[in-house]
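Report on the structure given below.
Everything numeric here is computed off the predicted structure, so don't read it as measured data.
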Amino acid sequence: MPFGAELAGDATAQFRLWAPAATQVEVEIVQGENRINAALAATEGGWFRGSAGNVQAGARYAFRIDGGLLVPDPASRYNPDDVHAPSMLVDPLSFSWDARDWNGRPWEQAVMYELHVGTFTAEGTFRAAIGRLDHLASLGVTAIELMPLADFPGTRNWGYDGVLPFAPDATYGTPEDLKLLVQCAHARGLMVLLDVVYNHFGPEGNYLHCYAPAFFNPLRQTPWGAAIDFDGPHARTVRDFFIHNALYWLEEFRMDGLRLDAVHAIADDTKPDFIAELCATVRLRTPAGRHAHIVLENDRNQARYLARDAQRRPLLATAQWNDDLHHAAHIVLTAETDGYYADYADAPLRYFGRCLAEGFGYQGEASAFRGGIERGDASTHLPAAAFVSFLQTHDQVGNRALGERIGQLAARERLKAAIACWLLAPAPPLLFMGEEFGASTPFLYFCDFGPELAAAVARGRREEFARFERFSDPGSRASIPDPNDPETFRRSKLDWNEAREPNEYLALYRRCLAARHRYIVPHLAQQRRSGTFRVDNEGVLAVDWVLGDGAALHLRANFGSEPTARMPRPGGLTLFESEPLAADAAGFIQLPSYAVIVMLETDLKQ
């Protein structure tokens, strides 16, 4: 790794810091009772380099800038005493990986489970999470997706306020504990994906402005301040910092993929842009036979990042989170139309069907929520595998004022119908922790900032919801939990007692995922085109997909409040029916309200 500190075999350590605004840099090391100060030599391009002897893993070190400010290593592998304290030297080769050969899993097998390490278990640690992996494997999950781990200020955070991108937050455990979690997941056939944030640094503990302001472009502002400068005069170093971060997680921690947060917030006018270069570099560095997946969050719905080659393999990103599907389904389930939901309010079931069949809901149409600008690209040429679908995520639950899950907002039978439609569609599904057993615990926005910033965040959080009728008066806004209150964090922890059998949601998820893996997944690898859909005035959704190997998948769902008229029963094997649906002599069926049927035909002429 070209950044940070590296232990050599002769009890020496090499140190590298990019500090183009500094004139002098020293490294200060504490090893037991010994204290070592070593000046780093200024080299070309704003780099400072040097070494120190008689140091071992576990030593603490920090950089002193121009004889004054003492800062942690921005490429620290571990900061056990939080983001303002010295970093710790780590031997990345000390962990003993199993000899078992693990190359990941093909993308068509992906069923993801997003979890926040701190609230997934009562203990909130990497090691405690291991104890729940058997539950996920038996459910039918094939990948866990960890919310960001980059070291953040304090003891609790969603992870999007990280300031040390290479250091797993010490609240959750050591780097070795994280590697153990990855190893134990692999032993159960589970991939591990990591959410990474390359569009901003958090508001507390980021010292780069002091010695490397070239990381940022103040002429471009984001919701988090000055944009990271991916196309300025020092872009090569800035890009390398984040590209090596991606490789670090994939190679040193043997992660199976990354989810790139909010790439639409990255400003970059170069070609190839940073996202394209990062994806291409990962593809180049991934050994033959090893699966490494890159998933984007991209509000712009840009199909170019999702292009496939002639063999249907991703050229750049593997897939993108499909927020359109969530937003449309949310209205179908709740009738809420505030904020960005307004863009789907005129025909939510149509948008839901379009997302299931074609990928993006918006493929160039004007978005009223965004001031009438055209949003999105055509996506019908892309396979369903390019779109990650979901009914809940940390965003869509946690960005509600009270953190309610969809189970607290939607009618039970309507929600169960949507779950079956979503899990048995070809696109890889993403679950949010606890939804599989109908968790009643909220997932609230929480953090642990210093007093001044904490007060500003709490005030801003409440003001953010002032435009909603429900929180239009100050008294109702006062009920919104304070993000910095430790109780807000504690309330967000899953209650695993709710997962006890019998549980109707667990039974539904297991049933759908078992059918998905047994019958649908074998036909996904060579899917070559999108599906077709239609919605009638009664609220009936029909979606048909041509899969690979001459297979066709058919979905019929009634989201209306009355039974449907007689309709042809699709041909093939019944994978799912919410209740027995016997066809009459002419092969017609009638769908009761909120009924779903999914059929698979095989050996069709391609």
Side-chain angles (χ1 to χ4, degrees), residues 106-108 110 112 143 145 193-200 222 227-228 230-231 235 238-239 242-243 245-247 249-250 255-286 291-327 354-355 358-365 367 370 373-390 393 395 426-428 430 524 527-530:
W107 185 242
E108 62 268 17
M112 288 152 282
E145 181 176 309
L193 311 182
L194 177 64
D195 196 340
V196 292
V197 182
Y198 296 155
N199 53 60
H200 74 286
T222 74
I228 296 174
F230 285 107
D231 58 2
V238 175
R239 286 180 176 227
F242 292 103
I243 287 173
N245 182 260
L247 297 172
W249 294 116
L250 294 170
M255 301 282 186
D256 301 283
L258 304 172
R259 183 259 190 187
L260 275 55
D261 176 66
V263 301
H264 53 266
I266 293 175
D268 184 359
D269 292 331
T270 55
K271 292 184 179 181
D273 62 31
F274 167 69
I275 297 301
E277 183 184 354
L278 185 152
C279 292
T281 303
V282 169
R283 299 278 170 226
L284 183 65
R285 286 281 293 262
T286 301
H291 299 283
H293 308 298
I294 302 293
V295 179
L296 306 181
E297 180 193 21
N298 186 3
D299 186 66
R300 294 195 181 106
N301 284 3
Q302 293 167 298
R304 63 186 176 88
Y305 291 122
L306 305 174
R308 265 52 181 172
D309 65 15
Q311 286 74 43
R312 315 307 293 162
R313 297 172 302 197
L315 292 170
L316 295 173
T318 310
Q320 174 183 317
W321 272 27
N322 196 353
D323 282 304
D324 283 356
L325 183 142
H326 168 272
H327 299 344
R354 189 183 201 191
C355 291
E358 301 180 0
F360 295 140
Y362 271 78
Q363 299 182 34
E365 295 83 4
S367 164
R370 295 164 180 79
I373 65 169
E374 294 180 354
R375 172 174 175 259
D377 298 336
S379 58
T380 55
H381 62 291
L382 294 170
F387 305 95
V388 174
S389 60
F390 44 86
T393 68
D395 264 333
L430 172 83
L524 294 180
Q527 186 192 16
R528 307 192 72 83
R529 59 182 185 269
S530 63

* What distance do L296 atom CG and C279 atom SG have between them, rounded to the nearest 0.5 Å? -> 5.5 Å
* Asked: Any idea which heavy atoms bring A319 and A385 closest together, and the distance?
  -> CB-O, 3.5 Å
* To the nearest 0.5 Å, tell me how far D268 CG sits from N199 CG. => 13.0 Å
* Asked: Parallel, tilted or perpendicular: which describes the rings of H293 and W107, with under 30° parallel and over 60° perpendicular?
  -> tilted
* Start with the C-alpha distance between I228 and Y198, add both sets of side-chain angles, then the distance that settles side chain to side chain contact (heavy atoms under 4.5 Å, CB included), and finish with yes or no. => CA-CA 8 Å; I228 296 174; Y198 296 155; 5.9 Å; no
* Report the distance from atom CG of L260 to atom CD1 of I266, rounding to the nearest 0.5 Å. => 6.5 Å
* So, do E297 and D395 sit near enough that their side-chain heavy atoms are less than 4.5 Å apart? -> yes
* Hey, what do you get for OG (S389) to CG (N322), rounding to the nearest 0.5 Å? -> 7.5 Å
* Asked: If you take all heavy atoms of A378 and A303, which pair is closest and at what distance?
  -> O-CB, 3.6 Å
* **Carboxylate-amine/guanidinium proximity below 4.0 Å for E365 and R370** => no
* **Q363 side chain to E358 side chain, donor-acceptor N/O pair below 3.5 angstrom** => yes
* Asked: side chain to side chain contact (heavy atoms under 4.5 Å, CB included) between D299 and D323: does it pass, once the steps are laid out?
  -> CA-CA 8 Å; D299 186 66; D323 282 304; 5.5 Å; no
* Asked: Yes or no on side chain to side chain donor-acceptor pair (under 3.5 Å) for D377 and N301, after CA distance, side-chain angles and deciding distance?
  -> CA-CA 6 Å; D377 298 336; N301 284 3; over 6 Å; no
* Do any N or O atoms from the side chain of D261 and from the backbone of D195 form a donor-acceptor pair under 3.5 angstrom? -> no
* Structure fact -> For A276 and L316, the nearest pair of non-hydrogen atoms, with its separation, is O-CD2, 3.5 Å
* To do: State, to 0.1 Å, how close A292 and T286 come at their nearest heavy-atom pair, and which atoms those are.
  => CB-OG1, 3.6 Å
* Examine F242 together with F230 and report whether their ring centres are nearer than 6.0 Å. => yes
* **Spatial distance of atom CG (L325) from atom CZ (F360) [nearest 0.5 Å]** => 12.0 Å
* Asked: Does the side chain of E277 come within less than 4.5 Å of I243's, by heavy atoms?
  -> yes
* To do: Would you check if L258 and L193 make a side-chain contact, meaning some heavy-atom pair closer than 4.5 Å?
  => no
* To do: Please tell me if the side chains of V388 and M112 come closer than 4.5 Å, counting only heavy atoms from C-beta onward.
  => yes
* Taking atom OG of S530 and atom CZ of R354, what is their separation to the nearest 0.5 Å? -> 10.0 Å
* **Heavy-atom side-chain proximity of L382 to F387 below 4.5 angstrom** => yes
* To do: For the residue pair R300 and R375, establish whether any side-chain heavy-atom pair is separated by less than 4.5 Å.
  => no
* Check R308, R313, R283 against T318 for a side chain to side chain donor-acceptor pair (under 3.5 Å) and give me the one that passes. => R283
* To do: For R312 and P383, work out which heavy atoms get closest and say how close.
  => NH2-CD, 3.4 Å
* Asked: For the side chain to side chain donor-acceptor pair (under 3.5 Å) test, which of D273, T270, D231 pairs with R239?
  -> T270
* To do: Check the pair W321 / R259 against side chain to side chain contact (heavy atoms under 4.5 Å, CB included), numbers first and verdict last.
  => CA-CA 9 Å; W321 272 27; R259 183 259 190 187; 3.2 Å; yes
* **Over all atoms of both residues, closest heavy-atom pair of L250 and G257** => CD2-N, 3.7 Å
* Asked: With side chains defined as the heavy atoms from C-beta onward, is the minimum distance between L306 and Q320 less than 4.5 Å?
  -> yes
* Run the numbers on T281 and R285 for side chain to side chain contact (heavy atoms under 4.5 Å, CB included), then give the verdict. => CA-CA 6 Å; T281 303; R285 286 281 293 262; 4.3 Å; yes
* Close side-chain approach of L430 and T393, heavy atoms under 4.5 Å -> yes
